[in-house]
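Every chain is numbered from 1 and lettered A, B, ... according to where its sequence line falls, protein lines coming before strand lines. Nothing here was measured: the structure is a model prediction, and the numbers come from that model.
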Amino acid sequence: MTDDARYDITAIQERWLPVWDELAPFRSGRPDDPRPKKYVLDMFPYPSGDLHMGHAEAYALGDVIARYWVQRGFNVMHPIGWDAFGLPAENAAIKRGESPALWTYDNIAQQKSSMRRYACSFDWDRVLNTCDPEYYKWNQWFFLQMYERGLAYRKDSNVNWCPECQTVLANEQVVAGLCERCDTQVTKKKLTQWYLRITDYADRLLDDMAQLEGQWPEKVLLMQRNWIGRSTGAEVEFVIEGRDAPVTVYTTRPDTLYGATFFVVAADSDLAMELAMGTPAEAEFLAYLDTVKQTSEMDRLDNSRDKTGVFLQRYAINPVNGERIPVWASDYVLADYGTGAIMAVPAHDQRDLDFARTFDLPVRVVVEAGEDPLVSGIATADDGPHVNSGPLDGLDKAAAIARILEVLQERGTGRPSVNYRLRDWLISRQRYWGTPIPIIHCPACGEVPVPLDQLPVELPPAEGLDLKPKGASPLGAAVAWASVPCPTCGGPATRDPDTMDTFVDSSWYYLRYVDPHDATTAFDPAKVREWLPVDQYVGGVTHAILHLLYSRFFTKVLYDMGLVDFTEPFTRLLNQGMVVMNGSAMSKSRGNLVRLSDELSEHGVDAVRLTMVFAGPPEDDVDWADVSPAGSHKFLARAWRLSGDVTSPVGVDPRTGDHALRQATHRALHDASLAVETFRFNVAVARIMELVNVTRKAIDSGCGPADPAVREAVEAIAIMLSLSAPYTAEDMWSRLGHQPSVALAGWPEVDPALLVQDTVTCVVQVAGKVKDRLDVSPDISEDALRELALASDAVVRAIGDAGVKVVIVRPPKLVNIVPN
RNA sequence: GCGGAAGUGGCGAAACUGGCAUACGCGCCAGGUUUAGGUCCUGGUGCCUUCGGGCGUGCGGGUUCGAGUCCCGCCUUCCGCACCA
């Protein structure tokens, strides 16, 4: 073998990288670019070290999409940046004693150079880092805009606290009672914290999902719907004996009001404390509250554990029948859902029934639906005629709900109501490496926003600060930084010491890419109109709720501010799976870590990329143990070798070439286009492989290497391969006599005439079993096909002397003969 | 417990509106060319078979001329939520 005929991927990589740097084929900022625009976005990475296998998969997939649309003639904006604030930087910094900034920027530099080598089609003129003051200045600006609109506020509440990270967490960041980041058991802490009023947008976050239907994975929409958790019901007011104001409860079953036999308030609520104080139950309650507070989130979430509670020695009055029912405090009622108090209807709510059985409280059936709950121990939630319910007797659920709401509203003791599971977004964090909250606390004036012309409030240098987590933000200890005159009265005041949740940074970064270095504004609305919303977003399903919900919320706020003219930021979403090894997530401790850099040097960039793309559907996990980068390399070498066999000149007219090969080429182009557009990238690769096989045969034992159809086929292969194997494709393109870059060659136009098959294989079945195959013209008539099929020897033999009952004819592909 | 998705060769996986099940690849087997080779090329590869054929898409039913695909009931796996009144 001559040197020229050897596929040396390392040399090929060396050859083309500098050429691409020079050419910058994916620059999207030219103002006079006439191509239609498209915005393809990959979720930006957290710079925790070098790129890993997961990045390699995600960016390989995103790149196929971005490069495809470039080939189809679009001006594609495909930017990248870094989600650069966050705890790992800080923890690493504490461990090594260097500054979080240094650690972060080092990692960014490393990832950036890896991405260049990995041949990601990013527009390198648009890079942003969220930890740059020129970026986080606008986090602060947005925060103040929201503050002005009442969407950012501070409140005292029982919040999620991660003892390991030593900071509070948003609800979304607690997974099954554990910290999303470090898997530590989360505890509760009473703290004053900053919130964004995402609950104001709950309905729009739900309703606008109609725009995303069919464009986003159904799974993500479902998860968001469940997370928001809208429920409709009623508020009902109960008078409490010895208390002036009535207490409101929320219920989804106001029709069961006559079945309320007791009343429960959340043990950790202010109301419980108030109701217990001064009663004979006070001591017992305080002791109970103590044990409740010590129960971890984990144990609390175990709903099989026994119900606990304390009778507060007080009574509530049922507003519809005047009945006196006992008031209990328990931890099975949540303080921060609804009103923190419920009417208990044990016959028709399992939790209430469990409680009633534990404490021997009465159970009254008010809906006839199967067995008596008191006997069976199973509450009946089904529909049925109401009983023991005064005016509701005989009505079904829907009618009873309507009727009782009328009654309650007439008396002014109740009304329809909607509740959400979604809570406001807690955004303050007691850590250093984040965006400082731009508020100044003044003993005289209270909360004072930092004046806009003083933004950004920059982080003080980490040097000299003790970053070790100790429950309060390290920024508070930066006295020189924190002590400022009050912007309003000039008196001594202090900066808010907390920093923002990093999900604030990622809630709007996709807007910043239109001009990441704009010093005058977060983003230019005119440029945003040109590029946004994002046409195609690509990222992991881990962000199904967190990042995607927050971004949707931000977009709606910006819409209300008149800064954007769309209400959903991401038109289409693709969730890629994970890369695992032998069935489980890769990790050093499991000993199944595969290093991306090892794979790249062993198999080459293209083989790794192709393996990711070919492994299966993009949303499925790739098990590295099941796939074959060596096989991909072998295939690429086969494809590459074709480019050395072509002997016809550049620009030769393919129309005089071999017809069958041309048909194969155009069929492959057609199928691959369709597959890419529907995210079936693995199928697209399979079609290219088929064409490579067919072309090989044509050269060796068919029309021969000089046939113009061979050049057409190999050029098509190079262009199709450029989506997932850019180095190999570029080298093929060059060997075919073209100038770089193949990335801009343009997707060959498919000739529909070449998609029409000359003959079709018609399957002839007898009683549904295939007995014969006929080569027929694709436009054969039904009658002719029937005759042909019935004349078939195999068919005659199969039917024997049974005789024919029915003949189903579906020209041109199928005949089914049903014998008697 | 509630909600959702998925079960196809030894393996990763294909199959548009119901119409040739297993494309493409990995692995394996055989042969060939080189031979230092893990290179390259060709062919084979669902199961059973008395070589006629029979059986095959988790299991059991159903609809249909025809079901991987549609309907009903199970089983298994994965994911999400988890005392949300």
Side-chain angles (χ1 to χ4, degrees), chain A residues 1 5-6 175-177 217-227 229-231 233 249-254 256 264 266 300-305 307 330-334 336-345 348-352 354-355 419-423 541 544-545 610-611 614-617 619-632 634-635 637-638 641 671 674-675 678 680 682-693 696-697 700-701 761-773 797 805-810 813-819:
Chain A
M1 251 183 200
R6 220 184 83 234
V175 179
E218 197 45 51
K219 179 186 173 180
V220 173
L221 295 178
L222 185 75
M223 281 169 70
Q224 292 216 357
R225 242 177 239 121
N226 291 342
W227 187 261
R230 175 160 60 192
S231 82
V249 303
Y250 172 74
T251 176
T252 54
R253 293 295 303 275
T256 63
V264 189
R300 212 188 138 99
L301 287 175
D302 176 12
N303 46 17
S304 67
R305 84 196 162 101
K307 292 278 184 287
S330 173
D331 65 354
Y332 88 90
V333 171
L334 305 176
D336 57 355
Y337 182 79
T339 61
I342 62 155
M343 63 175 206
V345 184
H348 308 296
D349 182 289
Q350 191 59 45
R351 296 154 299 180
D352 296 345
D354 293 344
F355 193 84
N419 245 288
Y420 303 90
R421 215 185 72 106
L422 181 72
R423 310 292 152 79
V541 73
I545 295 174
L610 190 76
T611 301
F614 183 58
E619 49 281 337
D620 289 1
D621 289 351
V622 176
D623 194 326
W624 203 247
D626 290 338
V627 295
S628 171
S632 298
K634 230 163 72 178
F635 160 71
R638 264 165 69 78
R641 259 182 264 120
D671 288 0
L674 204 72
T678 52
R680 285 145 56 238
N682 53 329
V683 177
V685 173
R687 296 294 167 260
I688 305 173
M689 288 172 166
E690 281 172 335
L691 183 58
V692 167
N693 292 343
R696 181 80 264 158
K697 270 207 182 84
D700 292 347
S701 55
T761 304
C762 176
V763 175
V764 185
Q765 302 175 329
V766 174
K769 305 235 186 304
V770 180
K771 294 295 174 188
D772 200 6
R773 294 185 169 84
R797 224 182 306 123
K805 192 158 120 197
V806 207
V807 182
I808 313 284
V809 187
R810 292 280 179 277
K813 293 179 82 169
L814 183 125
V815 177
N816 187 12
I817 298 157
V818 187

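- Separating the C1' atom of B:rC16 from that of B:rG12 is a span of 23 Å, rounded to the nearest Å.
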Practice item. Please step through side chain to side chain contact (heavy atoms under 4.5 Å, CB included) for the pair A:Val683 and A:Arg687, ending with a clear verdict. Key: CA-CA 6 Å; A:Val683 177; A:Arg687 296 294 167 260; 4.0 Å; yes
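- With hydrogens and angles ignored, the 3.5 Å screen pairs a side-chain donor or acceptor of A:Asp352 with a backbone N or O of A:Val345.
- Between B:rA13 and B:rU64, the distance separating the two P atoms is 36 Å to the nearest Å.
- Looking at the side chain of A:Phe614, the nearest of the listed nucleotides B:rC24, B:rC16, B:rC81 is B:rC24.
- Comparing A:Ala686 and A:Val627 against RNA chain B, the residue whose closest nucleotide sits nearer the 5' end is A:Val627.
- On the P atoms, B:rC26 is 14 Å away from B:rG43, given to the nearest whole Å.
- Atom CD1 in A:Ile808 sits about 12 Å away from atom P in B:rA67, given to the nearest Å.
- Remark: A:Lys307 qualifies as a cation-pi partner of A:Tyr332 under the 6.0 Å distance and 45° angle criteria applied to the six-membered ring.
- Across all strands, A:Arg638 comes closer than 4.0 Å only to sugar-phosphate atoms, never to a base (heavy-atom distances).
- Searching all strands for a Watson-Crick or G-U wobble partner of B:rC2 with both distances below 3.5 Å returns B:rG80.
- Separation of the P atoms belonging to B:rG3 and B:rG58 is 24 Å when rounded to the nearest angstrom.
- When the C1' atom of B:rU64 is taken as reference, atom NZ of A:Lys805 falls 12 Å away, rounded to whole Å.
- Side chain of A:Leu334, nearest nucleotide from B:rA14, B:rG12, B:rA85: B:rA85.
- Within the 4.0 angstrom heavy-atom criterion, base atoms lie near A:Gln765.
- Nucleic acid contact for A:Ser632: none, since no nucleic acid atom lies under 4.0 Å from a heavy atom of the residue.
- Across all strands, A:Val806 comes closer than 4.0 Å to no nucleic acid atom at all (heavy-atom distances).
- Put simply, A:Asn693 has no side-chain N or O that comes within less than 4.0 Å of OP1 or OP2 on B:rA23.
- The gap from the C1' atom of B:rG44 to that of B:rA36 amounts to 29 Å, rounded to the nearest Å.
- B:rA13 makes up no base pair with any nucleotide shown, lacking Watson-Crick or G-U wobble contacts both under 3.5 Å.
- For the pair A:Asp354 CG and B:rC83 C1', the computed distance is 9 Å after rounding to whole Å.
- Residue A:Asn816 is in base contact, counting any heavy-atom pair closer than 4.0 Å across all strands shown.
- Here A:Arg230 lies out of heavy-atom contact (under 4.0 Å) with every strand.
- Base pairing of B:rU57 is not made with any nucleotide, judged by Watson-Crick or G-U wobble geometry with both donor-acceptor distances under 3.5 Å.
- Put simply, CD1 on A:Ile545 is 16 Å from P on B:rG4, counting in whole angstrom units.
- Donor-acceptor pairing under 3.5 Å, judged by distance alone, is present between the side chain of A:Lys307 and the base of B:rC83.
- Contact annotation: A:Arg225 does not reach the phosphate of B:rG3 (side-chain N/O to OP1 or OP2, under 4.0 Å).
- Spacing between atom CE of A:Met343 and atom P of B:rA85 amounts to 12 Å, rounded to whole angstrom units.
- In terms of position on RNA chain B, the residue among A:Val770 and A:Asn226 whose nearest nucleotide sits closer to the 5' end is A:Asn226.
- Partner A:Ser632 forms a side chain to side chain contact (heavy atoms under 4.5 Å, CB included) with one of A:Val627, A:Val685, A:Leu610 and no other, that one being A:Leu610.
- The partner of B:rU45 is B:rG27, by the rule that a Watson-Crick or G-U pair needs both atom distances under 3.5 Å.
- Between A:Tyr332 and B:rA85 there is no side-chain polar atom (N or O) within less than 4.0 angstrom of OP1 or OP2.
- Whole-Å rounding puts the A:Asp700 CG to B:rG32 P distance at 20 Å.
- Side-chain contact check for A:Met343 versus A:Thr256: some heavy-atom pair is nearer than 4.5 Å.
- Atom CG in A:Asp331 sits about 9 Å away from atom C1' in B:rC83, given to the nearest Å.
- The listed nucleotides are B:rC41, B:rC83, B:rA82; the one nearest the side chain of A:Arg641 is B:rC41.
- Across all strands, A:Leu222 comes closer than 4.0 Å only to sugar-phosphate atoms, never to a base (heavy-atom distances).
- Following rounding to the nearest Å, A:Lys769 (NZ) and B:rC65 (C1') show an atom-to-atom distance of 12 Å.
- A distance of about 16 Å separates the P atoms of B:rC29 and B:rG46, rounded to the whole Å.
- Rounding to the nearest 0.5 angstrom, the gap separating the CH2 atom in A:Trp227 from the CD1 atom in A:Ile545 is 5.5 Å.
- B:rU22 and B:rG10 have their C1' atoms separated by 14 Å, given to the nearest Å.
- Base pairing of B:rG37 is not made with any nucleotide, judged by Watson-Crick or G-U wobble geometry with both donor-acceptor distances under 3.5 Å.
- Among the atoms of the strands shown, only primed sugar atoms or phosphate atoms (P, OP1, OP2) are found under 4.0 Å from some heavy atom of A:Lys634.
- For B:rG7, the paired nucleotide is B:rC75, the pair qualifying as Watson-Crick or G-U wobble because both relevant distances are below 3.5 Å.
- A donor-acceptor contact shorter than 3.5 Å links the side chain of A:Asn816 to the backbone of A:Gly768.
- When distances are taken from the side chain of A:Thr761 to each of B:rC20, B:rC79, B:rC81, the shortest belongs to B:rC20.
- A:Arg680 has a side-chain polar atom (N or O) that falls below the 4.0 Å cut-off from OP1 or OP2 of B:rA15.
- Of the P atoms belonging to B:rA21 and B:rA67, the separation is 11 Å, rounded to the nearest Å.
- For the pair A:Arg638 and A:Asn693, the minimum side-chain heavy-atom distance is below 4.5 Å.
- Nucleotide B:rG9 carries a syn base; the chi torsion (O4'-C1'-N9-C4 or O4'-C1'-N1-C2) is within 90° of 0.
- For A:Asn682, counting side-chain heavy atoms from C-beta on, the closest listed nucleotide (B:rC20, B:rC79, B:rA13) is B:rA13.
- Residues A:Asp349 and A:Arg253 fail the side-chain proximity criterion, which asks for heavy atoms closer than 4.5 Å.
- In this entry B:rA67 has no Watson-Crick or G-U wobble partner, no candidate having both defining distances under 3.5 Å.
- In textbook terms, a nucleotide whose glycosidic angle is within 90° of 0 is syn, while B:rG10, being further out, is anti.
- Closest to the A:Glu690 side chain, of the nucleotides B:rA23, B:rG12, B:rC81, is B:rA23.
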